[in-house]
Amino acid sequence: MSVTPDLLLHAYRTGIFPMAERRDDPEIFWVDPRRRGVLPLDGFHISRSLARRLRRGGYSATLNADFLGVIDGCAERQETWINAEIRALYHALHVQGHAHSLEVWMDGALVGGVYGVTVGAAYCGESMFSRRTDASKIALAWLVDHLRRTGFTLFDTQFLTPHLASLGAVEITRQDYRRQLAEALAREADILAQPLATSGAEIVARNAASSRGKG
């Protein structure tokens, strides 16, 4: 059975996602992890060093300005599961308005970013990359802030890595993930409903206020 954009979108709604073994492998297989990584939108951790970097500036962030540039940045590492078919499928979802990228720019160059698929009030993060120090962390900080403000309730990271764990991501069971996904699918969110934050300082202030509110 060939994978179509519609089938791919249906897969996300049922909690699974595709991967390839490597860049030059034409085969795609479906993944349904027993343990799932998620980044709680009210639990994003901004370290002191990241807060300083966000306040310092010297970069800009955009939404959907260079989707293919982001996916290609994610695939440029030595080992990647992004093959030509996956690239084409996610680009098709992007054209349809279901896949979105957030880019970080420095000195006019794309230096980091993240992309993923939106279903209901869930953002299913696919991959991220960084060509400068902290660029992927800046992208995630901007994205988490934006998802909060546009009505999202679930940020799926698929797997838990040490990098994501340092930012507040946790691992949950497949059953818990399916429950959170069902709740998110019952809601509506629009990633285009609000403009991005205008500065990193704005993000740091909002994140601090959210942390105080939880206390």
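Only this structure's heavy atoms are used, side chains among them; waters, hydrogens and symmetry mates stay out.
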So, taking the atom named [atom1] in [X] and the one named [atom2] in [Y], what distance separates them when rounded to the nearest 0.5 Å?
| X | Y | atom1 | atom2 | answer |
| --- | --- | --- | --- | --- |
| Q180 | R178 | CD | CZ | 13.0 Å |
| I16 | W30 | CD1 | CH2 | 5.5 Å |
| Y59 | D134 | OH | CG | 10.0 Å |
| S130 | L140 | OG | CG | 10.0 Å |

Just list the side-chain donor-acceptor pairs under 3.5 Å for residues 88-97, sequence neighbours left out, or say none.
residue	atom	partner	partner atom	Å
Y90	OH	Y12	OH	2.5
Y90	OH	E126	OE1	3.4
H94	ND1	A99	O	2.9

>> side chain to side chain contact (heavy atoms under 4.5 Å, CB included), that's the test. Do L167 and V144 meet it? Break it down for me.
In response: CA-CA 11 Å; L167 296 169; V144 167; over 6 Å; no

> Given the rule in the side chain to side chain contact (heavy atoms under 4.5 Å, CB included) test, do F159 and L164 qualify, once you have shown the distances and angles that lead to the verdict?
Replying inline: CA-CA 9 Å; F159 302 107; L164 290 169; over 6 Å; no

Measure across [X] and [Y] and return the closest heavy-atom pair with its distance rounded to 0.1 Å.
| X | Y | answer |
| --- | --- | --- |
| F155 | L143 | CZ-CD2, 3.7 Å |
| D25 | N83 | O-ND2, 2.7 Å |
| W105 | A65 | CZ2-CB, 4.4 Å |
| T14 | A11 | OG1-O, 2.8 Å |
| I86 | A20 | CD1-N, 3.7 Å |
| A197 | I203 | CB-CG1, 3.7 Å |

>> Under 4.0 Å between a side-chain nitrogen and a carboxylate oxygen: does that hold for R187 and E183?
In response: no

> Between D107 and R132, is the closest basic N to carboxylate O distance under 4.0 Å?
Replying inline: yes

>> Per the salt bridge (charged side-chain N to carboxylate O under 4.0 Å, His left out) rule, what does the pair list look like for residues 152-174, sequence neighbours excluded?
In response: D32-R174, R35-E171, R36-D156

> According to the salt bridge (charged side-chain N to carboxylate O under 4.0 Å, His left out) rule, which pairs have a member within residues 91-104, sequence neighbours left out?
Replying inline: none

Heavy-atom check, side chain of [X] versus side chain of [Y], under 4.5 Å:
| X | Y | value |
| --- | --- | --- |
| L54 | I138 | yes |
| L192 | N64 | yes |
| Q158 | V31 | no |

> Should the heavy atoms of other residues, nucleotides or ligands under 6.0 Å from NE2 of H10 be counted, would the total exceed 12?
Replying inline: no

> So, does R53 use its side chain to make a donor-acceptor pair with the main chain of G57 at under 3.5 Å?
Replying inline: yes

> Would you find a donor on one side and an acceptor on the other, under 3.5 Å apart, between the side chain of T157 and the backbone of L39?
Replying inline: no

Give the table of side-chain donor-acceptor pairs shorter than 3.5 Å for residues 147-154, with sequence neighbours excluded, one pair per line with atom names and distance.
residue	atom	partner	partner atom	Å
R148	NE	L41	O	2.4
R148	NH2	L41	O	2.9
R148	NH2	N207	OD1	3.0
R149	NE	D145	OD2	3.2
R149	NH2	P195	O	2.8
T150	OG1	H146	O	2.8

>> Assess the residue pair H163 and S136 against the criterion (side chain to side chain contact (heavy atoms under 4.5 Å, CB included)); give the C-alpha distance rounded to whole Å, side-chain angles, the decisive distance to 0.1 Å, and a yes or no.
In response: CA-CA 10 Å; H163 175 67; S136 63; 3.5 Å; yes

Would you tabulate the side-chain donor-acceptor contacts of residues 109-124 under 3.5 Å, counting partners in other chains and residues two or more places apart, or write 'none'?
residue	atom	partner	partner atom	Å
T118	OG1	H98	O	3.4
Y123	OH	H100	O	3.1
Y123	OH	G116	N	2.9

> Are F17 and W81 close enough that their ring centers fall under 6.0 Å?
Replying inline: no

Using residues 66-78 as the side-chain source, report each donor-acceptor pair under 3.5 Å to any protein atom, sequence neighbours left out, with the distance given to one decimal.
residue	atom	partner	partner atom	Å
D66	OD1	G69	N	2.8
D72	OD1	R87	NE	2.7
D72	OD2	R87	NH2	3.0
E76	OE1	R131	NH2	2.9
E76	OE2	R131	NE	3.0
R77	NE	C74	O	2.9
R77	NH2	C74	O	3.3
R77	NH2	M128	O	2.8

